[in-house]
Amino acid sequence: MAQDGSSAYNYLNVTSSARIYGMGGVNISTVEDELSTADQNPGLLGVEMSNQVLVDYMRYLGNSNFAGVKYARAAGERGAWAAGIRYFGYGEIKAADENGVINGTFSPKDVSFSGSYSYDITDRLRGGISLKMLYSSYEAYSAFAVAIDLGINWFDPDTDWSFSAVVANLGGQLKKFHENYDRLPIDVRLGATKGFSGVPLRVSVTLWNLTKWKLPYYDSGDGTSSEPFEKKESFGSNLFRHIVFGVDFVPSDRFWVTLGYNYKTRTDMSTYRRSFISGFSLAAGMNVKHFAFSIGFGQPHSGATTLMFNLNMNLQDLLRR
């Protein structure tokens, strides 16, 4: 899922939130009472999400299918916890022996079990922690790893400013696939979101991959040249591969639309036939009685359309019916 190939477990960077997917796939500072917004920052989990259930499904690149469920509950007046499971399936792949002879098929998969806890430190400052247990099965090999996310958020409802910081995927493998241990995609992220008085619009900027400055990629041009791919690592290229932009349009409590741009996604797909909208993503959501539905869309390259669906419901509201 990344050209640099510097770590395994990069599926951890694929959000389970259609709203976040629509804002470029990375966002840690959008404040809502919706459980999915705490996907990448446990510091956004809160009492206001108590009894919410989130069900997600994503049709990803190739024949990949991702799905999960998460539940949140208040823990006193200032705390909250959440637990969930997510499955990552990559379709059926042909199996071959050391001589290249096809001898069957296998279906690689990853499973993530997560638990989160957050606490309101002050009226505007909230911190949280997530523990993720990761199981992988690829043909005859399996592995087990543990990862921790630490997140914090400061939100001022008077000015509609939100600032967040996250250290993601701290940890490592407890059981390796074969001979070598694989590294987790440890990351440091900073984010800010600003709403505007009188306008139902919020703008987000998220900085990620901050553990390293250089993020080079290779450009194949239009794909017809036989020349070696051109390596891109200018200051501007490295800078924008660290930034994700998102816009959140919320005209009412019942409807919202998000638009995002992720330059790293676009450049990671440079060896494929990119479409004009590569790097852009879009999502929309609607609240209907006790349910909230949302859908996210992206097309990293012309041969791959990705779709994500979310269903969010409050069990307490349903039981009151």
Side-chain angles (χ1 to χ4, degrees), residues 12-13 15-52 54 70-84 114-132 147-170 186-197 201-211 242-248 250 256 258 260 262 283 285 292 294 310 312:
L12 292 173
N13 293 326
T15 181
S16 64
S17 167
R19 184 190 288 265
I20 291 177
Y21 190 67
M23 289 190 285
V26 186
N27 187 286
I28 62 171
S29 55
T30 296
V31 176
E32 281 286 345
D33 60 356
E34 177 186 318
L35 181 55
S36 71
T37 56
D39 173 70
Q40 295 177 341
N41 183 0
L44 293 177
L45 177 67
V47 176
E48 65 277 9
M49 302 173 188
S50 186
N51 284 310
Q52 286 190 24
L54 171 69
K70 183 181 291 185
Y71 172 74
R73 180 90 180 192
E77 296 183 355
R78 304 180 72 88
W81 62 265
S114 65
S116 303
Y117 178 77
S118 69
Y119 187 79
D120 291 349
I121 302 169
T122 70
D123 291 340
R124 297 184 179 181
L125 185 65
R126 176 181 292 172
I129 182 172
S130 290
L131 173 66
K132 295 175 285 188
I148 291 175
D149 293 349
L150 302 173
I152 196 165
N153 172 259
W154 181 87
F155 174 61
D156 182 359
D158 297 328
T159 61
D160 214 355
W161 268 109
S162 172
F163 296 96
S164 291
V166 170
V167 180
N169 305 319
L170 291 169
I186 297 172
D187 194 13
V188 175
R189 301 170 182 174
L190 301 174
T193 297
K194 179 68 173 75
F196 302 93
S197 178
L201 198 70
R202 292 180 296 196
V203 176
S204 296
V205 177
T206 307
L207 307 180
W208 68 317
N209 288 306
L210 297 182
T211 56
H242 287 282
I243 305 175
V244 178
F245 301 95
V247 178
D248 199 13
V250 190
W256 55 262
T258 66
N262 188 323
S294 54
N310 280 175
N312 200 96

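Only heavy atoms go into these numbers, but all of them, side chains included; no hydrogens, no water, no symmetry mates.
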Verdict with reasoning, Arg124 to Phe155, per side chain to side chain contact (heavy atoms under 4.5 Å, CB included): CA-CA 5 Å; Arg124 297 184 179 181; Phe155 174 61; 5.8 Å; no

Atom of Val250, atom of Trp256 and distance for their closest heavy-atom approach: CG2-CB, 4.1 Å

Trace of the side chain to side chain contact (heavy atoms under 4.5 Å, CB included) decision for Phe163 with Asn153: CA-CA 6 Å; Phe163 296 96; Asn153 172 259; 5.8 Å; no

Contacts of Arg202 that satisfy salt bridge (Lys or Arg N to Asp or Glu O under 4.0 Å) - sequence neighbours left out: Glu32, Asp248

Main-chain N/O of Asn27 paired with Gln40 side-chain donor or acceptor, under 3.5 Å: yes

Partner set under side chain to side chain contact (heavy atoms under 4.5 Å, CB included) for Asp120, not counting sequence neighbours: Arg78, Arg126

Test salt bridge (Lys or Arg N to Asp or Glu O under 4.0 Å) applied to Arg189 and Asp149, step by step: CA-CA 11 Å; Arg189 301 170 182 174; Asp149 293 349; over 6 Å; no

Closest non-hydrogen atom pair, Trp161 against Ala192: CZ3-CB, 4.4 Å

Side-chain donor/acceptor of Ser116 to backbone N/O of Pro42, under 3.5 Å: no

Considering all heavy atoms, the nearest Phe245-Val205 contact: CD2-CG2, 4.2 Å

Over all atoms of both residues, closest heavy-atom pair of Asn312 and Glu34: OD1-CG, 4.2 Å

Spatial distance of atom CG (Leu12) from atom CD1 (Ile186) [nearest 0.5 Å]: 11.0 Å

Sub-4.5 Å side-chain heavy-atom contact between Val31 and Thr37: no

Rounded distance (nearest 0.5 Å) linking atom CG of Leu150 with atom OG of Ser130: 8.5 Å

Note, Leu54 side chain near Asn310 side chain (heavy atom, < 4.5 Å): yes

Verdict with supporting geometry, Phe196 and Val203, side chain to side chain contact (heavy atoms under 4.5 Å, CB included): CA-CA 9 Å; Phe196 302 93; Val203 176; 3.8 Å; yes

Distance-only side-chain donor-acceptor flag, Asp160 / Ser197, under 3.5 Å: no

Heavy-atom donor-acceptor pair, His242 side chain to Leu207 backbone, under 3.5 Å: no

Nearest atoms (heavy-atom pairs only) where Ser36 meets Ile20: O-CD1, 3.8 Å

Rounded distance (nearest 0.5 Å) linking atom CH2 of Trp81 with atom OG of Ser50: 9.0 Å

Sequence-distant partners of Ser29, side chain to side chain donor-acceptor pair (under 3.5 Å), two or more places apart: Thr193

Derivation of the side chain to side chain contact (heavy atoms under 4.5 Å, CB included) call for Tyr21 and Asp39: CA-CA 11 Å; Tyr21 190 67; Asp39 173 70; over 6 Å; no

Side-chain H-bond candidate by donor/acceptor type, Thr211 with Asp187, under 3.5 Å: no

Euclidean distance, Glu77 CD relative to Tyr119 OH, rounded to 0.5 Å: 9.5 Å

CG on Leu45 to CD1 on Ile129, rounded to 0.5 Å: 12.5 Å

Minimal non-hydrogen separation, Val166 against Gly151, with atom names: CG2-CA, 4.0 Å

Distance in Å, Leu125 CG paired with Asp156 CG, rounded so as to fall on 0.5 Å steps: 12.0 Å

Donor-acceptor contact present, side-chain Gln52 to main-chain Lys70, <3.5 Å: no

